[in-house]
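Order of the sequence lines sets the chain letters (A, B, ...), proteins ahead of strands, with each chain counted from 1.
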Amino acid sequence: MAARRHAAAAARRVARGRRGSLTCAVPPPPDDEMSRFRRPFAEALAPAVELPVDEVEALLGTPPRPEMGQLAFPCFQLAKTRKQAPPAIAAEIAGKVRATGAIQDIVATGPYVNAFLDGRAVAGDVLPAVLEGGEAYGRLDLGKGRAVTVDFSSPNIAKSFGIHHLRSTVIGHALVNMLEAAGYRPVGINHLGDWGTQFGQLLAMWDVCGDEAELEKRGIEYLLELYVDFNKARDVNPALQDVARAKFKALEDGDAEARRLWALFRKVSLDEFERVYGMLGITFDDMRGESFYEDLMPAVLNELEERGLLSESEGATVVDLEEYELGTALVRKADGSTLYLTRDLASAQFRKDTYDFVRSLYVVGGSQSLHFDQMKKVLELMERPWHADIEHVPFGLMRFKDRKMSTRKGDIVPLKDVLERTIALARETIVKGAEEKGRELPADLDELAHRIGVGAVVFNDLKNRRVRDVVFDWDEVLSFDGETGPYLQYTAARIASMEARHGRPITADVDFALLDGPGELALVLALADLPEALRRGIEAGEPSLVSDALLEIASLFSTLYSNKEWKVLSDDAALTDARMLLAHGVRQALCNGLGWLGIAVPARM
RNA sequence: GUUCCCGUAGCUCAGUUGGAUAGAGCACCGGAUUUCUAAUCCGGCGGUCCUAGGUUCGAGUCCUAGCGGGAACGCCA
């Protein structure tokens, strides 16, 4: 099956998966930094509001502008029971409640009761936690070491690793890292598309013009050429598809020569894939491709038979799911060979047996929603209670701006080319910058350019909600301005440079009254929000929630940083220490968050 | 045809369980650099939140019906 992955589908637009496919039980209130400030406000309000503290806390929101405070309690719902106008209620409550601790002031603003947090107290609470947390800042203990499998990347053997594989690869990788950071035991699975009729196609073509010397020389490029040639030939002579099916049947039945060639194709492909994964810094815990499940499929089919779930339809064997509005699911072709779904049923069971997951994620394009719905339904009918733990994490497919991608026509932009081009641009930018500023070129120019170029590509894919289609646009990928990976890296690099200049160890023993300004407060609160972004990101299977949090942090810091009146390093030792602690916290948060996204942070830029 | 996804500024997108004046980036225009890295920052320009009903004290958000774009729907994966 050329894997689950949009082989042919690359040419089509994607359907997005279902909303809420990842909704699971809402976890208890997070034990993160921000909740430390919400809770006391809720406790202070509760008596005057005459509601339980939990309910009050749940109602708390954030005012639209910082001048209005940091926390808001809306009084609309009270208006009914009290038969008073919301502003009057807000005024009354504000008059009764006294500000204590980290809450500096409580004022009624229209229909809201707003709390102003004490910048000194908040900074004193958050910044030491960031410093002490270090690389662990933001980490959570949600998972308690429980396993979550993440099926991602999963390219088809015998085709170049194209830009269209980027999405599953980077989203899945980010989710693996995020799960790990949240205390889960993630299992990254590369379910290689190394089985299926496509190999019949390749073998059919090989009979006509296969050349091992050529394969040796040109590797995967040659395999792609065969694949494209096959599709061309089939357009003229549709009977070739039957030849291909017969070839795959032979492969499945153990034909020696077919097996030998298959193994060769697989190896040539893997060598190519490993190069790309190396560039991205991605490894997998499990590289079992579809072929591995070959032996497990008879058991699946037997059980389906025993449970009376199978029926015959036009020669093929199917599970009828019409009553669930899921159509009919084919599990065995008329010629007896198996299908995508059959193998996924076997692999799902294998993963449960092997890893005992509490969640099993499939980072696969949204066009395959029906497939996963069918798979889950069949597992449910097979009385596997864990069918509910399987979650399709769909994403929109990538298209070109001016044309459609068609793997069948060999119309692939190799991911390697994209990365090389962005790396080259990063290098140019570094060199140009060094010239303009009269600085020396960094000794580790190659490493820097690599991190920046790759970071740009990865972040570009992770910054938006994954269900959206992505239009591949060179201009966009090659832009390092604005909301981009290089922007975040750059912000961290500037701070690293200050830390080096600072020279002294960074301490949490500072005068937090020096960090009392509104800019500092907003920034500290943004830092405090990072764990929550991680929690929500995992819950929704959505790395962009982390991306957003990082952009917010970098943007708030950059605003402070560019203010001429606001210098981190100065003659005032106490002020320098305080601001250095804040700046360091920003760098730490950016490094940690970018790490979760699978983006390396250069030491300088 | 049926089902699913999407529709917010010229472009790309944010927008917690429904809450205050719908926010960013890009592009464009104008500023900021003797001073911690200008891959930056500040200001300006820019909106029938697809349409019409409905629910609600309150709708970009929820419901219904349409419109527009995309996807899936048996021997591909």
For this session: Quick one: label A:P74 by what it contacts on the DNA or RNA (base, sugar-phosphate, nothing), any heavy atom closer than 4.0 Å.
Result: nothing

Problem set entry | Base partner of B:rG60, which must satisfy Watson-Crick or wobble distances under 3.5 Å | none

Seminar exercise, completed: To the nearest angstrom, the CD1-C1' distance between A:I430 and B:rA39 comes to 10 Å

For this session: Scan A:P63 against the nucleic acid and name what it touches under 4.0 Å (heavy atoms): base, sugar-phosphate only, or nothing.
Result: base

Problem set entry | Inter-nucleotide C1' distance (B:rU51, B:rG7), Å rounded | 12 Å

Exercise. When you measure from the side chain of A:S497, which nucleotide among B:rG25, B:rC75, B:rC36 comes out closest?
Worked result: B:rC36

For this session: Select base, sugar-phosphate, or nothing to describe what A:S570 touches, counting heavy atoms under 4.0 Å on all strands.
Result: nothing

Exercise. Rounded to the nearest Å, what distance is computed from the CD atom of residue A:E67 to the C1' atom of nucleotide B:rU21?
Worked result: 11 Å

For this session: Using a 4.0 Å heavy-atom cut-off across all strands, classify A:A79 as base, sugar-phosphate, or nothing.
Result: nothing

For this session: Mind calculating the distance between CG (A:D481) and P (B:rU37) to the nearest angstrom?
Result: 19 Å

Seminar exercise, completed: Any strand, both distances under 3.5 Å, Watson-Crick or G-U wobble: B:rA20 pairs with none

For this session: Run through A:I171, A:L594, A:T422, A:I599 and flag the one making a side-chain contact (heavy atoms from CB on, under 4.5 Å) with A:V458.
Result: A:I599

Problem set entry | Separation of atom CG in A:L326 from atom P in B:rC4, rounded to whole Å | 11 Å

Exercise. Can you find a side chain N or O atom of A:R465 that sits less than 4.0 Å from OP1 or OP2 on B:rA14?
Worked result: yes

For this session: Report the residue from A:Y293, A:Y340, A:F152 that forms a ring-ring contact (aromatic ring centres under 6.0 Å, His included) with A:H191.
Result: A:Y293

Exercise. Out of B:rG15, B:rU35, B:rU12, which has the shortest distance to the side chain of A:L545?
Worked result: B:rG15

Exercise. For A:S369 and B:rU3, is the shortest distance between a side-chain N/O and OP1 or OP2 below 4.0 Å?
Worked result: no

For this session: May I ask which nucleotide in the shown strands pairs with B:rC76, Watson-Crick or G-U wobble, both distances under 3.5 Å?
Result: none

Problem set entry | Residue met sooner reading RNA chain B from 5', once A:P111 and A:S313 are mapped to nucleotides | A:P111

Exercise. Touch check for A:T559, heavy atoms < 4.0 angstrom, all strands: base, sugar-phosphate only, or nothing?
Worked result: sugar-phosphate

Exercise. P atom, B:rG31 versus B:rG70: distance in rounded Å?
Worked result: 44 Å

For this session: Kindly indicate, with the supporting measurements, whether the criterion salt bridge (Lys or Arg N to Asp or Glu O under 4.0 Å) is fulfilled by A:K432 and A:E435.
Result: CA-CA 5 Å; A:K432 206 170 74 184; A:E435 278 170 9; over 6 Å; no

For this session: Using a cut-off of 6.0 Å, state whether more than 12 heavy atoms not belonging to A:D571 lie near its atom CG.
Result: no

Exercise. How is A:S558 classified with respect to the nucleic acid when contacts are heavy atoms under 4.0 Å: base, sugar-phosphate, or nothing?
Worked result: sugar-phosphate

Exercise. A:F230 CZ to B:rC76 P: how many Å, rounded?
Worked result: 10 Å

Problem set entry | Phosphate-side-chain proximity, A:T197 and B:rC76, N/O vs OP1/OP2 below 4.0 Å | yes

Exercise. Counting just side-chain N and O atoms, does A:R494 come under 4.0 Å of either OP1 or OP2 of B:rA39?
Worked result: no

Exercise. Contact class for A:E314 (heavy atom, under 4.0 Å): base, sugar-phosphate, or nothing?
Worked result: base

Problem set entry | Base-pairing mate for B:rG44 - Watson-Crick or G-U, with both contacts under 3.5 Å | B:rC28

Problem set entry | Residue A:A72, side-chain atoms from C-beta onward, closest of B:rC41, B:rA14, B:rA20 | B:rA20

Problem set entry | Base B:rA20 to side chain A:N114, donor-acceptor N/O within 3.5 Å cut-off | yes

For this session: Ignoring backbone atoms, establish whether A:R468 has a side-chain N or O less than 4.0 Å from OP1 or OP2 of B:rG70.
Result: no

Exercise. A:R604 near the nucleic acid: base, sugar-phosphate alone, or nothing, with a heavy-atom cut-off under 4.0 Å?
Worked result: base

Exercise. Which way is the base of B:rG44 turned, syn or anti, if we draw the line at 90° from 0?
Worked result: anti

Exercise. Do the side-chain N and O atoms of A:D335 and A:S337 include a donor-acceptor pair separated by under 3.5 angstrom?
Worked result: yes

Exercise. Which whole-number value in Å describes the distance from A:L550 CG to B:rA14 P?
Worked result: 16 Å

For this session: Determine, answering yes or no, if A:F76 is stacked on B:rC57 under the 5.5 Å centre rule and the 30° plane rule.
Result: no

Exercise. Counting just side-chain N and O atoms, does A:T429 come under 4.0 Å of either OP1 or OP2 of B:rA39?
Worked result: no

Exercise. Which part of the nucleic acid, if any, lies within contact of A:I452, taking any heavy atom under 4.0 Å across all strands shown: a base, the sugar-phosphate backbone alone, or nothing?
Worked result: base

Problem set entry | Closest listed nucleotide, where the reference is the side chain of A:F480 and the choices are B:rG15, B:rC57, B:rA39 | B:rA39

Exercise. Is there a Watson-Crick or G-U wobble partner for B:rA9 with both distances under 3.5 Å, and which nucleotide is it?
Worked result: none

Exercise. Hey, does the side chain of A:Y487 come within less than 4.0 Å of B:rC41's phosphate (OP1/OP2), counting only N and O?
Worked result: yes

Problem set entry | CD/A:Q77: more than 12 non-hydrogen atoms of other groups inside 6.0 Å | no

For this session: Quickly work out the A:Y490 OH to B:rA39 P distance and round it to whole Å.
Result: 4 Å

Exercise. Roughly how far apart, to the nearest Å, are B:rA24 and B:rG46 at atom C1'?
Worked result: 14 Å

Problem set entry | Sugar-phosphate only, base, or nothing, as touched by A:A329 at under 4.0 Å among non-hydrogen atoms | nothing

Exercise. For the side chain of A:R65 and the base of B:rU21, is some donor closer than 3.5 Å to an acceptor across the two?
Worked result: yes

Exercise. Counting side-chain heavy atoms from CB outward, which of B:rA72, B:rU37, B:rC75 is closest to A:M605?
Worked result: B:rU37

Seminar exercise, completed: B:rA39 -> Watson-Crick or G-U wobble partner, both distances under 3.5 Å, gives none

Seminar exercise, completed: Per atom distances to the A:S367 side chain, the nearest of B:rC36, B:rC75, B:rA72 is B:rA72

Exercise. Contact class for A:A583 (heavy atom, under 4.0 Å): base, sugar-phosphate, or nothing?
Worked result: nothing

For this session: Could you pick out which residue, A:T328 or A:E436, lies toward the 5' side of RNA chain B when each is mapped onto its nearest nucleotide?
Result: A:E436

Exercise. Do the side-chain N and O atoms of A:N190 and A:S153 include a donor-acceptor pair separated by under 3.5 angstrom?
Worked result: no

Problem set entry | N/O (side chain, A:K463) to phosphate O (OP1/OP2, B:rU12) under 4.0 Å | no

For this session: Let me see the working for A:H584 and A:E499 under side chain to side chain donor-acceptor pair (under 3.5 Å), right down to the final yes or no.
Result: CA-CA 8 Å; A:H584 173 76; A:E499 290 182 22; 3.0 Å; yes

For this session: Please give the nucleotide sitting opposite B:rU3 as a Watson-Crick or G-U wobble pair, both distances under 3.5 Å, or none.
Result: B:rA71

Problem set entry | Option among A:S168, A:P394, A:S544 that satisfies the side-chain contact (heavy atoms from CB on, under 4.5 Å) test with A:R466 | A:P394

For this session: Count the heavy atoms of every other residue, nucleotide or ligand shown that sit under 6.0 Å from CD of A:E67, and state whether that count exceeds 12.
Result: yes

Problem set entry | Atom-pair distance (NE2 on A:H392; P on B:rC5), nearest Å | 13 Å

Seminar exercise, completed: Taking a pair to mean Watson-Crick or G-U wobble geometry with both distances below 3.5 Å, B:rU33 pairs with none

